[in-house]
Amino acid sequence: MTAVIILTLIGVLLGLAIALTVRYFGAPVDPLAEQVAELMPGANCGACGFAGCNDYVQALVSGKAKPGLCPSQSADALQKVCVLLGVASEGRAEKVAVVCCSGTDQYAIRRAFYNGVNDCHSAMLVAGGSKGCVYGCLGLGSCARACPFGAIEMRADHIAVVHPEICVGCGKCVTVCPRRIIKLVPKSAPVHVFCSSPEKAPVKRKVCSAACIGCRKCVKAAGENQMFINGFLASVNYENPPSADIVAVCPPKVLRTEAQPAASAASAAPAAPEAPAATTAP
Amino acid sequence: MIAEYLSLIIGAILVNNFVLSRILGICPFLGVSKKLSTALGMGGAVIFVMTLAGFVTALVHHYVLLPHGLMYLRTIVFILLIAGLVQIVEVLLQRFSPPLYSALGIFLPLITTNCAVLGAAIICADNHYSVIKSTVFCSASAVGFALALLLFASVREKLELARVPRCLEGPAIALLTAGILAMAFTGFSGLGG
């Protein structure tokens with residue numbers, strides 16, 4: 001019995017001592033920092049360049065950083081932060097990630113079967129992965145696992161698809177992708193080129209039937225300086241993007257408004273040869 | 001009397017150094033020893049906490065636990081006391097020395113579970129040291145800890161510049177260095193108590 005009483009007593013006394021110390025000697029908590037912290041997404045993704053949301057808030061409050069570095073903050077919350085800090089809000093172009101590849105199993109041939117660890121980096125180590133195109137999405141989902149917001153879906157036909165309505169443009173997937181085919185683009189851009197291979201058209205077509213063939217039709221159809229060709233790969237000028245109806249001119253349907261539709265929707269497309277036939281591919 | 005305390009102090013600092021001969025408190029020893037300045041801060045915090053903890057635990061041991069025959073509660077009561085003390089120290093540090101607070105970071109709460117602090121308190125209780133003797137022993141032990149930490153940190157700062165074989169980089173070479181340092185400290189055995 002004495003043991004219980006003494007232990008309780010010690011606990012209560014210590015608790016009181018801690019409470020009193022905090023009450024009379026506690027560091028004053030900045031109410032401004034608290035309010036700003038509530039407007040942060042709290043994902044601690046580090047895209048702002050600080051160690052975490054709290055670190056960024058400290059820098060904001062002390063004036064060492066500008067608001068708007070956080071890509072995952074909604075425009076509304078950013079506005080509130082600017083009001084709290086008393087600084088003029090600078091518009092921020094919202095960005096989303098785009099996986100620039102159309103090579104689903106249906107279009108891209110596989111030169112081998114990869115049976116190893118379910119990770120793009122591991123697959124890259126084994127002769128550069130199983131897809132014929134060395135610029136194609138490996139489809140093993142390293143980016144999806146790196147995404148703090150769960151915005152990347154790994155489809156069964158081996159391609160990563162970013163859901164722009166969830167994506168906040170933090171850019172984690174961009175650095176994780178071993179093929180470097182994920183791009184951060186302005187959210188407002190209507191069309192994207194879903195191919196990353198700079199190779200010549202015949203080389204690309206051998207390994208993927210959904211590749212940009214560099215035909216320049218989009219460049220001609222678009223207004224001046226809206227599309228350009230880089231090597232044998234068309235690119236959208238995101239400073240001055242073309243309108244969405246330009247997608248009609250693209251013969252391989254690589255210039256699209258969104259990611260490749262799932263296999264069932266495009267069943268008319270030529271089926272990719274199976275692995276044994278593909279062994280002759282370069 | 002003076003000779004007794006002197007041998008106690010020398011024994012705690014050098015001969016039975018907490019880190020290098022009793023192998024207690026290894027976590028902060030390896031964790032906070034990358035930079036001399038943070039090692040200094042950590043050493044200071046440990047000296048402060050251990051002296052305070054030694055004093056308070058000895059008081060509780062002599063005037064609460066022993067009279068009621070509650071020796072078996074020793075460990076849990078000591079842990080409780082140390083944890084509470086560290087909380088208070090943390091609050092005070094945050095208020096009065098924010099740079100030191102941010103430099104110590106996670107290691108200050110970790111002092112709570114630092115075996116060196118609990119170890120010192122239990123060694124005092126085991127040897128039936130008086131309250132004053134306990135306090136002196138604990139602060140001397142903490143000084144020994146700080147000494148080992150500072151020595152190790154200065155060696156590690158030099159190691160940063162040294163060419164270390166690749167397989168030994170990082171923690172491996174640190175542990176080897178700690179071992180060599182511990183061997184050097186065995187030279188003190190036979191000195192004092």
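In what follows, every chain begins at residue 1, and chains take the letters A, B, ... in the order their sequences are listed.
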Considering only distance and modelled atom types, tabulate donor-acceptor pairs under 3.5 Å from the side chains of residues 42-56 of chain B, sequence neighbours left out.
| unit_1 | atom_1 | unit_2 | atom_2 | d |
| --- | --- | --- | --- | --- |
| B:T51 | OG1 | B:I47 | O | 2.6 |

Should the pair B:E4-B:K133 be classified as a salt bridge under the 4.0 Å nitrogen-to-oxygen rule?
-> yes

Per-pair distances, 0.1 Å, donor-acceptor, side chain in residues 161-171 of chain A, under 3.5 Å, sequence neighbours excluded:
| unit_1 | atom_1 | unit_2 | atom_2 | d |
| --- | --- | --- | --- | --- |
| A:H163 | NE2 | A:E153 | OE1 | 2.8 |

Between A:I6, A:V22, A:I10, which shows the greatest number of heavy-atom pairs under 4.5 Å with chain B?
-> A:I6

So, do A:L20 and A:F25 sit near enough that their side-chain heavy atoms are less than 4.5 Å apart?
-> no

Residue by residue, scan residues 63-82 of chain B and write down, ordered by number, those that have a heavy-atom distance under 4.5 Å to chain A; if none do, write 'none'.
-> B:V64, B:H68, B:L70, B:Y72, B:L73, B:I76, B:V77, B:L80, B:L81

Side chains of residues 140-154 of chain B: which donor-acceptor partners sit under 3.5 Å, not counting sequence neighbours?
| unit_1 | atom_1 | unit_2 | atom_2 | d |
| --- | --- | --- | --- | --- |
| B:S141 | OG | B:F137 | O | 2.7 |
| B:S154 | OG | B:L150 | O | 2.8 |
| B:S154 | OG | B:L151 | O | 2.9 |

Distance-only, no hydrogens or angles: does the B:R22 side chain make a donor-acceptor pair with backbone N or O of B:G119 under 3.5 Å?
-> no

